[in-house]
Structures are given as C-alpha cells and as structure tokens.
2 protein chains.
Amino acid sequence: MEIKSTIAALAALAQETRLAIFRYLVVAGPVGAPAGKIGALFKMPLSTLSFHLKELKIARLLESRRDGRSLIYAANFATINQLLGYLTEHCCAGSACAPAVSQPSRKGAAR
Amino acid sequence: MEIKSTIAALAALAQETRLAIFRYLVVAGPVGAPAGKIGALFKMPLSTLSFHLKELKIARLLESRRDGRSLIYAANFATINQLLGYLTEHCCAGSACAPAVSQPSRKGAAR
DNA sequence: ATTATATTTCTATATTTCTCGAAATATGGA
DNA sequence: TCCATATTTCGAGAAATATAGAAATATAAT
C-alpha cells in the first residue's frame, strides 16, 4: 500500500463514528448492511451517515452494492489488510515491533 | 487499547508530515533524533515541526527526553503495537483478516 | 551577566472536516 | 403515471487542524 492510500485509510478510521461503523461492518462480514440499518443503529441524520459512508468508501475501506432501493455496504478486508501490512512493515519493523514493552494482555492473546 | 487512544493514534498518523516523521523515528530506533535534525530533514518552520511533534507525543506515539539544549524524540513502540493490536482484534478478526486478497509480498515476509 | 543555540508557545490565518436541513436521485409498487 | 421508500448530493455554518512568524523558555558557553 502506498503512502497516499495509507493516509486516506488512517484518516477515514480516525473518527469515532466511522470507526464504529467500520467495526460494525467488519462483524457483519461480506453480507454487509443497508445504509438505513446502519443509520438506525448509530442514530444520526442520514445525510451525516452518508457523508461518513462516503469517506470510508473513498478510502476503499467499504464497498457498496445496490439491492432494490437499498445500498448495501460491506467492509473491504483487502484494504484493512493492506493498511495493517503497511504499518507493520514501515512503522514497526527495522527496530522490531515485538511486544517490546508492557501490553496488558487482556484476552487470551489469540494467534 | 481503548477507543479514544486508538482514534488519537490513527489521527496522529493520518497526516503526511507526521507519518514521515514517525517512520523516520521508527528507523532511528530508541536512540531517536533531536528536533533540529528532524527539522533539517523535513524542511519546514520549526514551529510547524514542533506542532506535529506535539501531536505525535499527545497520541503517545513519540517520547522525548532532553539532552543539553536538544530535545530528543523517539518512537514509542508500545503504542504502535497497541494500535496494531486494536486493528487486528476489532477490524479484522471475526470475519478473518488473513491475506484474503492480493498483498504483493514485496519483502521476505519476515516473522 | 551576556550571548548564542535549541526548541516551544503564542497568535493569527488558512484550510479541512463535520454536521445537518432541504432538495435531488433512484428504485419499486399501485 | 403517481406515490412511497431509500439514500445521496447540495449548501452553509460550526468546529477542528495545519501553517508559520514573532516572542518566550531552557540550557550552555564565554
């Protein structure tokens, strides 16, 4: 992933509403969810929701397809993967990004 | 990593200058580099540089220590680790974030 | 003490992002 | 065709961020 798209993805996720929407759609999986359903969940004007969906889509973190009158949004896992790849490669490696320091270990440290 | 600090870290990195500075300091490692040296590399007014260093520091992505009249900045690897952890846990898992798609594999894919 | 170096803070301005009502577009059904 | 539903685009104001010159702070050297 190049720097421009990295910045775009970071900026898209660096907003509470959008991060929440994205997380929701990650859980929803490839099936996704229609804009209306998302709007009902995260209560806000539909124009505001639409703005955030657009931002996420521009950053290629979401994809959308039409189903009747509904637009179904779904997470684009390739992009989040690429972002993770970039961060791991450029912002960790070299100086080793292993659990160098603390890291509370809240869960079972899966994988 | 909780949501607030996640947003803070994402926002801090979602800016070309700051991402470049952070990448530079990741490579520099724990030794870090003085503000002046960074300013010489990324040509910009020192007040602008200072603003960005502060943003990165507030997001806990950088740490600083004084050495004589210089302030040495260094990457905080714990924070970038935690960010990666958050993204992996909340924005990938569930629906599997394995190399689902492309992923050019430029390097030797260490670790 | 005085002066020089290193860097930050202050202040103002420019730019971008966010929010949301109103109007527009797209699709499906009667 | 006309109406209802689903959602986006437009337009404008509010809030947050970015840029940078000038002044302030901190340390070191003379």
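Values reported hereafter were calculated over all heavy atoms of this structure, with side chains retained and with hydrogens, waters and symmetry mates removed. Every chain is numbered from 1 and lettered A, B, ... according to where its sequence line falls, protein lines coming before strand lines. Bear in mind that the values here come from a model prediction, so they are computed numbers and not experimental data.
Rounded to whole Å, atom P of C:dA6 lies 14 Å from atom CG of B:Leu49. Taking atom CG of residue B:Leu56 and atom C1' of nucleotide D:dA18, one finds them 14 Å apart after rounding to whole Å. Taking atom CE on A:Met44 and atom C1' on C:dC18, their separation rounds to 11 Å, with Å as the unit. Regarding B:Phe42, its CZ atom lies at a distance of 16 Å from the P atom of D:dA18, rounded to whole Å. Per the geometry, CD belonging to B:Glu55 stands 19 Å off P belonging to C:dT7, to the nearest Å. One interatomic measurement links the two molecules: CG of B:Leu46 to P of D:dA24, which rounds to 18 Å at whole-angstrom precision. To the nearest angstrom, C1' of D:dA28 lies 12 Å from CG of B:Asp67. Taking atom CD1 of B:Ile38 as the reference point, atom P of C:dA6 lies 14 Å away to the nearest angstrom.
Heavy atoms of B:Ser50 sit under 4.0 angstrom from at least one base atom. Using a 4.0 Å heavy-atom criterion, one finds that B:Ser70 contacts the sugar-phosphate atoms exclusively. Across all strands, B:Leu71 comes closer than 4.0 Å only to sugar-phosphate atoms, never to a base (heavy-atom distances).
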Query - side chain to side chain contact (heavy atoms under 4.5 Å, CB included) assessment of A:Phe22 paired with B:Cys91 - result: CA-CA 7 Å; A:Phe22 186 71; B:Cys91 298; 3.7 Å; yes
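Distance check, rounded to the nearest 0.5 Å: CZ of B:Arg60 to CD1 of B:Ile80 gives 15.0 Å. Rounding to the nearest 0.5 angstrom, the gap separating the CG atom in B:Leu49 from the NZ atom in B:Lys54 is 12.0 Å. Here the straight-line distance linking atom CD of A:Glu63 with atom NZ of A:Lys57 works out to 9.0 Å at 0.5 Å rounding.
The side chain of B:Gln15 places an N or O atom within less than 4.0 Å of a non-bridging phosphate oxygen (OP1 or OP2) of D:dT19. Residue B:Thr48 has no polar side-chain atom (N or O) positioned under 4.0 Å from OP1 or OP2 of D:dA18. Phosphate proximity of D:dT8 to A:Tyr73: present, with a side-chain N or O under 4.0 Å from OP1 or OP2.
With distances taken from any side-chain atom of B:Arg69 to the nucleotides D:dT9, D:dA29, C:dT27, the minimum falls on D:dA29. Nearest to the side-chain atoms of A:His52 among the listed nucleotides C:dC18, C:dT7, C:dG21 stands C:dC18.
Nearest-nucleotide mapping onto DNA chain C: of A:Ser47 and A:Ala11, the residue sitting toward the 5' end is A:Ala11. Nearer the 5' end of DNA chain C, as judged by each residue's closest nucleotide, is the contact made by A:Phe51, out of A:Phe51 and A:Arg66.
Using a distance-only test at 3.5 Å, with no hydrogens or angles considered, no donor-acceptor pair links the side chain of B:Arg65 to the main chain of B:Ala74.
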